Amino acid sequence: GENVGLHLPTLSVQEGDNSIINCAYSNSASDYFIWYKQESGKGPQFIIDIRSNMDKRQGQRVTVLLNKTVKHLSLQIAATQPGDSAVYFCAESRIGSFKTIFGAGTRLFVKA
Amino acid sequence: KAGVTQTPRYLIKTRGQQVTLSCSPISGHRSVSWYQQTPGQGLQFLFEYFSETQRNKGNFPGRFSGRQFSNSRSEMNVSTLELGDSALYLCASSFEGFTEAFFGQGTRLTVV
């Protein structure tokens with residue numbers, strides 16, 4: 001199967017601080033990007049998405065930034081809460097390919 | 001609104017056997033995608049179905065197959081199981097295949 005990485009980076013933040021999770025995507029033809037959150041024992045949960053014609057999109061407490069020049073995606077979580085502790089995955093797709101490639105994931109720990 | 005339902009939740013099989021996993025998408029969703037999740041390889045795309053047609057598949061051997069029924073429910077089958085097939089198998093449904101996807105809790109397959 002396609003391998004998007006073996007390592008799981010870890011980010012530890014204090015409750016109330018802002019978190020920034022970074023992701024490098026692989027395919028310059030990708031035009032649809034998604035962030036998912038996966039808690040232990042559960043399937044991934046959609047957080048926010050962005051299309052390649054945008055460079056920023058905001059949701060509730062979350063912001064996704066897209067830099068197509070360097071193929072970089074980031075997820076910013078404002079005022080991080082203990083309930084935000086999870087593994088976060090970025091995913092890329094090309095609209096019309098119906099195939100989504102996931103990044104390796106980043107584990108976020110929120111210290112109370 | 002019921003979420004994505006995967007059955008069974010847990011399964012133990014012996015090498016060489018075959019297994020069928022089931023996924024019932026959210027009502028109204030016609031796209032179903034399947035993923036394999038392992039600690040070493042992360043989340044890897046298996047295939048995507050829409051209106052009973054496979055529109056894309058990942059780089060998995062032919063032992064992995066799937067199908068979708070007219071009611072959008074989907075099954076995946078793995079034949080001649082190998083130890084390396086032990087994984088969490090996740091399915092996700094979406095309205096069209098490139099919009100917000102909703103994941104089930106997965107089927108944990110253990111091959112002994």
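The shown structure was predicted, so the numbers you read here are calculated from the model rather than taken from an experiment. Keep in mind that the numbers below use all heavy atoms, side chains included, and drop hydrogens, waters and symmetry copies. Chain identifiers are assigned alphabetically (A, B, ...) following the order of the sequence lines, protein sequences preceding nucleic acid strands; residue numbering begins at 1 within each chain.
- With hydrophobic clusters built from ILVMFWY side chains whose heavy atoms lie under 4.5 angstrom apart, B/Leu21 shares a cluster with B/Tyr49.
- At a threshold of 4.5 Å between side-chain heavy atoms, the hydrophobic network of Ile, Leu, Val, Met, Phe, Trp and Tyr places B/Leu81 and B/Trp34 in one connected group.
- Rounded to the nearest 0.5 Å, atoms CZ (B/Phe45) and OG (A/Ser93) are 8.5 Å apart.
- Neither the backbone nor the side chain of B/Gln36 comes within less than 4.5 Å of any heavy atom in chain A.
- Between B/Asn56 and A/Phe98, the shortest heavy-atom distance links the atoms CB-O, 3.9 Å.
- Neither the backbone nor the side chain of B/Phe47 comes within contact range of chain A, judged by heavy atoms closer than 4.5 Å.
- Of all residues in residues 38-48 of chain A, those placing a non-hydrogen atom less than 4.5 angstrom from a non-hydrogen atom of chain B are A/Gln38, A/Gly41, A/Lys42, A/Gly43, A/Pro44, A/Phe46.
- Pairs engaging residues 64-93 of chain A under the ring pair (Phe, Tyr, Trp, His ring centres under 6.0 Å) rule: none recorded [sequence neighbours left out].
- A/Gln14 CD: more than 12 foreign heavy atoms inside a 6.0 Å radius.
- In the hydrophobic clustering of this structure, B/Phe64 groups with B/Val32; members are Ile, Leu, Val, Met, Phe, Trp, Tyr whose side-chain heavy atoms approach within less than 4.5 Å, directly or through other members.
- In B/Arg15, the CZ atom is not crowded: 12 or fewer heavy atoms of neighbouring residues, nucleotides or ligands sit closer than 6.0 Å.
- Note that CZ of B/Arg55 is 14.0 Å distant from NZ of A/Lys99, once rounded to the nearest 0.5 Å.
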